[in-house]
Amino acid sequence: MFENHRIFKYEFAGRPLIIETGKISQLANGSCLVRYGDTCILANATASAAPRDGIDFLPLSVDYEERLYAVGRIPGSFNRREGRPSTKAILTSRVIDRPIRPLFPKDLRNDVCISLLTLSVDQDNSPEIAAMIGASIALSISDIPWNGPIGGAFVGMVDGKIVINPTLAEREKSTLELTVAASEKKVVMIEAGAKEVSDEEMYNAIMTAFEEIRGLVAFINSIVAEIGKPKFSYPSCEVDHDMFEAIKEFAIEDVKAALDTDDKTVRDERMQVVYEKIYAKFDEIYPDSRLMINECVYKLQKFVVRRWLLDEKKRVDGRRMDEIRPLASEVGLIPRVHGSGLFTRGQTQVLTLATLGSVSDQQMLDGVDTEEYKRYMHHYNMPGYSVGEAKASRSPGRREIGHGALAERALEPVLPSLEEFPYTIRLVSEIVSSNGSTSQGSICGSTLALMDAGVPITAPVAGISCGLITEGDEWDTMIDIQGLEDFFGDMDFKVAGTHKGITAIQMDLKIDGLTPEIIKQALETTHKARLYILDEVMLKAIPAPREDVSEFAPKMISMKIHPDKIREVIGSGGKVIQKICADTGAKIDIEDDGSVFISAVNRDSAYEAKKIVDAIVFEPEVGMVFDNCTVTRLMTFGAFVEFAPGKEGLVHISKLDKKRVEKVEDVCKVGDKMKVKLIEIDDKGRINLSRKDAMDEE
């Protein structure tokens, strides 16, 4: 029945990688089933039969779809089915999109969809890497034009040693989370989070992954040689050469004059005049070709900027290749918020606001990995006004989610532990003005906001972006790229880190890959730049985290109790904990391991609640004396007294007074206060108290 069914096997990082084709999804342009350990991914690549009209870009979509059946779970949503993609799924889609997109023909306009479905997830074998491999194979064996294949690998560093595709246990000990994608000859994508790893260690990890991936790419090429389809032909959407040359001859000097400024607003105003001049000249010559004319003008701007960079080492704003735009930092701008920081780099401005919450404010996650809660969240918003556009606000897209996650990853290694700082932390970076490198600006602004909020970070973090311009074997890098250099250049190499080392990397490319020499120079260039930003700008605005949190932030106390005592603190039906909260105004969160987190508007209330919890969980011992205890019940044989919250003991009638007592009521009534001494804990745990012996203690 499945006469085209094929199975291909390869040992990848010491574990079997099995690829099946020709059995499932036979109507897709290209399809494969990837098995890596017990992780199983179905990858499909499809393309439309004809180009999409009226567009000047490749309409590519990459969808990594998590299914909770893959880990034997039912979704926690009301409808009990998967809804919108999780943040992790969106980030995985982006990680796979970035290395495959530059390898499509520049003039292809057919819709291309890559669908990656998680069927089974083994936590020791990354579904993200299996999906990246699946996408590469599905495209490579399909008839869709694509200049792959690529391969991908995850890299960890355990006890100082580089580990390719580490297991779950190894990842938990790793100081590095690095994803590398590469072709046979070049590195095409880097994404990393790290605990202050040095440039040299990062470079070595990238190169180790590159060597491992080259063997994987050779394996994929062997599959293509056996079952690959011929690539289909398509109508080229390349810019009309004659039109471009005519517009270039007519307007190149005007374009140069328009672009030659460090002010984005001025540049846009000048270019608008140039556009109108070109329309007036060429609309009659090329009727109904406004879209193609616009593409020619875009290509002309790109030509001018690239020639300046390559031939004259000249940047549109007049800077040297190694020069950073003017910088400024400020903290404490906004009242009432728990922390705020404004970071300015040229015409890029990021305002980050920090909010501190209780432990119960953690985000609950519903994905296929092992992470269930998130204590630190970073959100990134880029409204239209930040680039001077009149457009309504929308919910965050993939770009906003990706930039927020990059800043989150960059700062996570320097955050204090929950035990050291028992708060949930949320940062929101509002991009109030944008002319390139907003994601790295949000890292700097977030460091300022954290320090202003009194979060005791272990070290400040700065981020910077490095660009690239290439032509044949000629290349050069430039630091702190602005918008035009991002649009018309070949690379956006983002690196964040502390004085000690790198905490995050994200690399976007428009070319077919980077050589080791370019990667090494990019790391060296960004290292110098981030140290300059830290020392000369950020630490001059705030040299260290504030000694205490804002007066408007909740005051938090953490403590540890024996798990067996949790029931006593909560009480029957929650009565005890509810009474503590009502009496003190504090909020109490208790975890299964006995961790207790107490928050209150003022510190005195928090400590009062802690005092009560301490009293509940302490183990009473014979000989202890308790003052101001409350009589709760009267019996004929004695009085029951609450000597600590939720703890009662019996004062026998013979122990109520030094003299003989005929009736309990003669000495006390319910609600009275008395001083008692613990004289016995019997074999059933019952506590006997004595007022008489306590009187002797006075």
Side-chain angles (χ1 to χ4, degrees), residues 25-32 43-63 93 96-116 135-150 183 188 221 224-225 227-252 255 275 278-279 281-304 306 470-472 487-490 508-513:
S25 303
Q26 298 180 55
L27 298 181
N29 295 62
S31 178
C32 66
N44 287 289
T46 53
S48 61
R52 194 194 298 184
D53 291 333
I55 61 170
D56 57 358
F57 60 90
L58 170 67
L60 169 68
S61 63
V62 178
D63 295 308
S93 297
I96 296 170
D97 182 299
R98 294 209 306 274
I100 67 174
R101 185 178 291 271
L103 301 180
F104 283 95
K106 304 301 182 187
D107 58 346
L108 181 66
R109 297 293 180 266
N110 298 58
D111 284 274
V112 179
C113 294
I114 311 298
S115 298
L116 306 160
S136 176
I137 294 173
L139 277 169
S140 297
I141 64 176
S142 76
D143 59 348
I144 302 170
W146 188 60
N147 298 318
I150 63 159
S183 62
V188 294
N221 277 325
V224 176
I227 62 170
K229 301 175 184 177
K231 302 301 183 182
F232 64 68
S233 58
Y234 59 92
S236 174
C237 293
E238 185 64 57
V239 168
D240 183 288
H241 179 73
D242 292 337
M243 181 190 293
F244 173 73
E245 288 299 324
I247 292 174
K248 176 183 173 184
E249 182 179 356
F250 174 75
I252 188 168
V255 169
Y275 270 102
I278 291 171
Y279 293 153
K281 170 75 173 178
F282 290 95
D283 275 350
E284 291 185 9
I285 301 174
Y286 299 102
D288 302 320
S289 299
R290 181 65 67 90
L291 183 65
M292 185 62 75
I293 291 173
N294 287 342
E295 282 203 58
C296 287
V297 179
Y298 179 88
K299 185 177 179 180
L300 179 57
Q301 293 179 73
K302 184 174 182 178
F303 173 82
V304 169
R306 292 179 68 87
T470 62
E471 186 174 75
F487 301 150
F488 300 145
D490 297 324
D508 296 327
L509 282 180
K510 298 184 180 72
I511 56 176
D512 63 355

Looking only at non-hydrogen atoms, find the nearest pair between [X] and [Y] and report the distance.
X    : Y    : result
S48  : A50  : OG-O, 2.9 Å
V188 : G513 : CG1-CA, 3.8 Å
I278 : I293 : CG2-CG2, 3.9 Å
L103 : W146 : CB-NE1, 3.4 Å
P230 : D143 : O-CB, 3.1 Å
P145 : L108 : O-CD2, 4.3 Å

Treating [X] as the side-chain partner and [Y] as the backbone partner, does any N or O pair qualify as donor plus acceptor under 3.5 Å?
X    : Y    : result
S31  : Q26  : no
K231 : S142 : yes
R101 : L509 : no

Legend entry - Distance-only polar pair, side chains of D107 and S236, donor-acceptor under 3.5 Å: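 Yes, S236 and D107 have a side-chain donor paired with an acceptor closer than 3.5 Å.
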Inset, instruction - Ignoring hydrogens and angles, state whether a donor on the side chain of S115 or D63 is under 3.5 Å from an acceptor on the partner side chain. - result: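 D63 and S115 do not have a side-chain donor-acceptor pair below 3.5 Å.
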Just wondering, do [Y] and [X] contact through their side chains at under 4.5 Å, heavy atoms?
X    : Y    : result
C296 : F282 : no
I114 : L60  : yes
T470 : R306 : yes
M243 : Y286 : yes

Inset, instruction - Might you confirm whether atom NZ of K281 has over 12 heavy atoms from other residues, nucleotides or ligands at distances under 6.0 Å? - result: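 Atom NZ in K281 is not crowded, with 12 or fewer foreign heavy atoms closer than 6.0 Å.
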Inset, instruction - Might you confirm whether atom CZ of F487 has over 12 heavy atoms from other residues, nucleotides or ligands at distances under 6.0 Å? - result: no
Inset, instruction - Could I get the full list of side chain to side chain donor-acceptor pair (under 3.5 Å) partners for Y279, not counting sequence neighbours? - result: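 By the side chain to side chain donor-acceptor pair (under 3.5 Å) rule, Y279 matches N294.
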Inset, instruction - With sequence neighbours excluded, tell me which residues meet side chain to side chain donor-acceptor pair (under 3.5 Å) with D283. - result: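 Per chain and number, D283 pairs via side chain to side chain donor-acceptor pair (under 3.5 Å) with R290.
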Could you give the distance from [atom1] ([X]) to [atom2] ([Y]), rounded to the nearest 0.5 Å?
X    : Y    : atom1 : atom2 : answer
K106 : K510 : NZ    : NZ    : 9.0 Å
I247 : E295 : CD1   : CD    : 11.0 Å
I150 : I137 : CD1   : CD1   : 10.5 Å
N29  : K229 : CG    : NZ    : 6.0 Å
K248 : F303 : NZ    : CZ    : 3.5 Å
I285 : D242 : CD1   : CG    : 12.0 Å

Legend entry - Audit row: I144, F232, side chain to side chain contact (heavy atoms under 4.5 Å, CB included) steps and yes/no: CA-CA 6 Å; I144 302 170; F232 64 68; 4.2 Å; yes
Inset, instruction - Report the C-alpha distance between Y298 and D56 in whole Å, list the side-chain angles of each, state the deciding distance to 0.1 Å, and finish with yes or no for side chain to side chain contact (heavy atoms under 4.5 Å, CB included). - result: CA-CA 11 Å; Y298 179 88; D56 57 358; over 6 Å; no
